[in-house]
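All of these numbers come straight from a predicted model, not from anything done at the bench. Count residues from 1 along the sequence.
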Amino acid sequence: MAAAGLFLLGIGFLGFALSSGVMRVFAVGWVALMIFGFVGAIRVAKGDFAHPLFKAQVMLHLVAIGLLVAVIIRAFK
């Protein structure tokens, strides 16, 4: 569930970035990293969403959201 929410958030940010021209490279790279990361983790975990590798992918993208929020907060200061 968390992975799906993160992916939808990434797609939404990609749409915002492409329409406004802000942080395009980050948005495209983040979505590509999600696709390859989640697919690779599921393959290695043999479809087990409770595998530590898949959980690590989810945590990696939560860190990316934290960095994105930090950049946005710093931009508005």
Cluster overlap [X] with [Y], hydrophobic side-chain contacts below 4.5 Å:
X: L33; Y: L62; answer: no
X: L9; Y: L60; answer: no
X: V22; Y: V31; answer: yes
X: L6; Y: F16; answer: yes
X: V28; Y: M34; answer: yes

* Specify the closest pair of heavy atoms between A41 and Q57, including all atoms of both residues, with the distance to one decimal. => CB-CG, 3.8 Å

* To do: Run through V71, L67, I73 and flag the one making a side-chain contact (heavy atoms from CB on, under 4.5 Å) with V69.
  => I73

* Using the six-membered ring wherever Trp is involved, compare the ring planes of F38 and F54 and label them parallel, tilted or perpendicular (cut-offs 30° and 60°). => tilted

* To do: Quick one: sort the W30 and F13 rings into parallel, tilted or perpendicular, breaks at 30° and 60°.
  => perpendicular

* To do: Just grab all the side-chain hydrogen bond (donor to acceptor under 3.5 Å, both in side chains) pairs involving residues 32-55, residues at least two apart or on different chains.
  => none

* Give the C-alpha distance, both sets of side-chain angles, the deciding distance and a yes or no for side-chain contact (heavy atoms from CB on, under 4.5 Å) between L14 and R24. => CA-CA 7 Å; L14 177 63; R24 277 188 206 162; over 6 Å; no

